[in-house]
2 protein chains.
Amino acid sequence: MPQTNLRSAARYGTRPTMKDVAARAGVGLKTVSRVVNGEPGVTPETERRVQESIEALGFRRNDSARVLRKGRTASIGLVLEDLADPFYGPLSRSVEEVARAHGALLINGSSAEDPDREQELVLALCARRVDGLVVIPAGDDHRYLEPELKAGVATVFVDRPAGHIDADVVLSDNFGGARDGVAHLIAHGHRRIGFIGDMPRIHTAAERLRGYRAAMEDAGIPVADSWMSLGVTDPERVRGAAEEMLTGRDPVTAIFAANNRVTVTVIRVLAEQARRVALVGFDDIELADLLQPGVTVVAQDAAAIGRTAAERLFRQLDGTLVAPERIELPTRLITRGSGELPPAD
Amino acid sequence: MPQTNLRSAARYGTRPTMKDVAARAGVGLKTVSRVVNGEPGVTPETERRVQESIEALGFRRNDSARVLRKGRTASIGLVLEDLADPFYGPLSRSVEEVARAHGALLINGSSAEDPDREQELVLALCARRVDGLVVIPAGDDHRYLEPELKAGVATVFVDRPAGHIDADVVLSDNFGGARDGVAHLIAHGHRRIGFIGDMPRIHTAAERLRGYRAAMEDAGIPVADSWMSLGVTDPERVRGAAEEMLTGRDPVTAIFAANNRVTVTVIRVLAEQARRVALVGFDDIELADLLQPGVTVVAQDAAAIGRTAAERLFRQLDGTLVAPERIELPTRLITRGSGELPPAD
DNA sequence: CCCGAGCCTGACAACGTTGTCCAGGCTCTA
DNA sequence: TAGAGCCTGGACAACGTTGTCAGGCTCGGG
């Protein structure tokens, strides 16, 4: 039963160290270190003996000890809201790719949109001495990061700016995107346009709401309170909100859904309606083009956001960057049908 | 310009250590350690002084040093194919949740389905001394993990079994799921059923193909080679393969798409067809219920797979588990319309 | 008043690696 | 043949933390 052996070895398992390798190869400790790190100054013959011992013992350098000595961990942390969200998967992946290009590993954490959990995660990453942090903030006060910044932890915020500290931030043009999306509906004849979005304490949600208001104002359309639903997120309540603005007095002929989860729920609601209601969503969703009608969206490029943030982070580590900056990436309106439906009363 | 200060501090940034805290508080090193770790035996007054110093200096314990001393890192590694794939997001998230419940962090890596990269990642994680590994293997030989297993790194494979080593594996019933899906098509009158899947060297792909063949054989239907497309993955070639089996002689009346990416492409192809072709896909896809017709799928529960794997991993670390096991989770056929279409010649 | 028990506290070694520095042996040249 | 210079290899300290252990203090009882 080989597995039993493995598992009991595991219990008492102790790994070989460079010292063990050195002893077996009959060389000094430092020589092993040189071989492991590909440093010059080792005879081929000696190197061969050392390699042989490494193989035989299954030695693997202990990076904790290495980090302790060298100061850099070659790893960066990414704190986001929820890895299961289709927006964050590609973002995380693109951060990972950039990290990999710089020889760094990525440690991921989901804050679940909870400020305390965000802080807990960030500090845990700092305790592990990540070289840098990409943070999609849940909270709005990041002063707890000051000692870390002082200590040289490269930091880039994504999607929402940092609170009360001066740091790089990479985000989409939420305001402009939302304004364009709503203007698109207006251009197609709509005047009674609903808005369903997240709590305005979330920066992106607030910006998108501002974009909605701006577009309406630009068109000289007064906004009825009953057209706006702020702060609902769970599908059941989004559904309720949508139904209400569709059936109340002054019913809307179009809906602007301010994020991907809301969009999906609204699509479901609209599918049940007799009347054709126009829809523009913020964030692209998979298969949006295959629905009837196709879903018109204001798309963010999650991969580009992640890449930009990560590259900036490594430029901080290089020392290439000096002053924190705010980088806004444009959104893209993708017309597929649902946003071009005419008003139907 | 506060940012400039921060950044230049960063350049020369050095973090306070327990020694610094101790000096400032006028206590011994070990006392600081005790306070930081909440160990008993410190006067409230002393503790207060230490806490004050910690705050003032922005001290954060260095976990690398801690790990070096204690042996456990409280982190686990997850190597998967591509975090941007909607199947892996929820899986990763559920692993993270279990890790969190055990006070561990999760380090993620994408192998991009490349065996060398898988090994590179796994070994990098081992060098960082993760306590455990969840691996979705890309390669089929994992003997390189033997020293790690011996050293006590808890390991669970997911989605596909390990090659040449004896380790836990958690996966879906790929064979049964595919067989059921194909049988479902047969039950609705189809006989000429196409199969589009990944390279059979990938375990899941091979199992699903086996399920397809079994269902066909059970029904006494001989399979034409032109109905099977193996090893194509990129959308363009999947499209070509689908079109070929739809238009060749002996054209299929139904297609079994063996993974989510294939399914999506096939949906696009079928949308362009005049004739109604039935479809069952392996893996659920978002919005599948909103398409016309809804997409019938064999669904895996990614979150359950991740959770099961992670829980098993921590049970290995507890010492609760002894012998490696193979755990197969059932799939679920979700009928939504596309799989119930009758054959149309 | 003295002694022992018990509680705080701190000195010291160790974890595994890397940087520094020096020793010894070799080659090459004068 | 001797000296200079180079190359290889190893001893040792240090990184920041925690476990061990011993010392000093206080307090109560004899």
Side-chain angles (χ1 to χ4, degrees), chain A residues 13-51 53-54 57-75 124 126-131 147 151-152, chain B residues 13-51 53-54 57-75 124 126-131 147 151-152:
Chain A
T14 173
R15 307 182 78 105
T17 70
M18 284 192 177
K19 203 166 143 190
D20 302 323
V21 175
R24 189 179 198 280
V27 301
L29 183 53
K30 181 65 204 195
T31 302
V32 177
S33 173
R34 275 194 267 263
V35 171
V36 169
N37 294 295
E39 288 169 24
V42 181
T43 330
E45 163 57 15
T46 308
E47 169 157 6
R48 199 198 50 69
R49 281 216 317 283
V50 171
Q51 284 292 8
S53 292
I54 290 177
L57 297 176
F59 166 79
R60 210 81 74 196
R61 180 178 66 197
N62 183 332
D63 275 354
S64 294
R66 173 168 227 253
V67 161
L68 187 55
R69 197 63 236 267
K70 308 203 76 157
R72 283 256 165 126
T73 54
S75 57
C126 290
R128 258 151 245 240
R129 293 295 186 266
V130 291
D131 299 333
Chain B
T14 172
R15 306 182 78 104
T17 70
M18 284 192 177
K19 204 165 142 192
D20 302 323
V21 175
R24 188 180 199 283
V27 300
L29 183 53
K30 181 65 205 194
T31 301
V32 177
S33 173
R34 274 193 268 262
V35 171
V36 169
N37 294 295
E39 287 169 24
V42 180
T43 328
E45 164 56 16
T46 309
E47 169 157 4
R48 199 198 50 71
R49 279 217 318 281
V50 172
Q51 284 292 7
S53 293
I54 290 177
L57 297 176
F59 167 80
R60 211 81 74 194
R61 180 178 65 198
N62 184 332
D63 276 353
S64 295
R66 174 166 226 251
V67 160
L68 186 57
R69 199 62 238 268
K70 308 204 74 156
R72 283 253 164 128
T73 55
S75 56
C126 289
R128 257 152 246 239
R129 295 294 186 267
V130 291
D131 299 332

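So you know, we letter chains A, B, ... as the sequences are listed, proteins then strands, and number each from 1.
What separates CG of A:L68 from P of D:dT18 is a distance of 12 Å, to the nearest Å. Per the geometry, CG belonging to B:L29 stands 12 Å off C1' belonging to D:dG19, to the nearest Å. The interatomic distance linking B:K70 (NZ) with D:dT18 (P) rounds to 7 Å, in whole Å. Whole-Å rounding puts the A:I54 CD1 to C:dT17 P distance at 10 Å. One can place CG of A:D63 at 9 Å from P of C:dT18, the figure rounded to the nearest angstrom. Distance, B:R69 CZ to C:dT17 P: 15 Å, rounded to whole Å. Distance CZ (B:R49) to C1' (C:dG10): 13 Å, rounded to an integer number of Å. Between the C1' atom of C:dA14 and the CG atom of A:N62 lies a distance of 14 Å, rounded to the nearest Å.
B:R34 is not listed as a side-chain neighbour of B:V50, based on a closest heavy-atom distance of 4.5 Å or more. Residues B:P16 and B:R24 form no side-chain contact, since every pair of their non-hydrogen atoms from C-beta on lies 4.5 Å or further apart. With a 4.5 Å cut-off on side-chain heavy atoms, B:N37 and B:R66 count as touching.
Using a 4.0 Å cut-off, no side-chain N or O of B:S33 falls inside it from OP1 or OP2 of D:dT17. Regarding contacts with the backbone of C:dG10, a side-chain N or O of B:T31 is found under 4.0 angstrom from either OP1 or OP2. Of the side-chain N and O atoms in B:N37, one or more sit less than 4.0 angstrom from OP1 or OP2 of D:dT18. A:R61 has a side-chain polar atom (N or O) that falls below the 4.0 Å cut-off from OP1 or OP2 of C:dT18. For the OP1/OP2 pair of D:dT18 and a distance below 4.0 Å, the side-chain nitrogens and oxygens of B:R66 include at least one atom meeting the criterion. In this model, the phosphate group of D:dT17 is not approached by any side-chain N or O of B:S64 to a distance below 4.0 Å at OP1 or OP2. Side-chain N/O atoms of A:K30 include none lying less than 4.0 angstrom from OP1 or OP2 on C:dC21.
Comparing B:R34 and B:A65, the nucleotide of DNA chain D nearest to each residue sits closer to the 5' end for B:A65. Between A:V27 and B:K19, the residue anchored nearer the 5' end of DNA chain D, judged by the nucleotide with its closest heavy atom, is A:V27.
Distances were taken from every side-chain heavy atom of A:T43 (C-beta onward) to each of D:dT8, D:dT17, C:dC15; the shortest belongs to D:dT8. Across C:dC15, C:dT9, C:dT17, the shortest atom-to-atom separation from the side chain of B:V42 is found for C:dT9.
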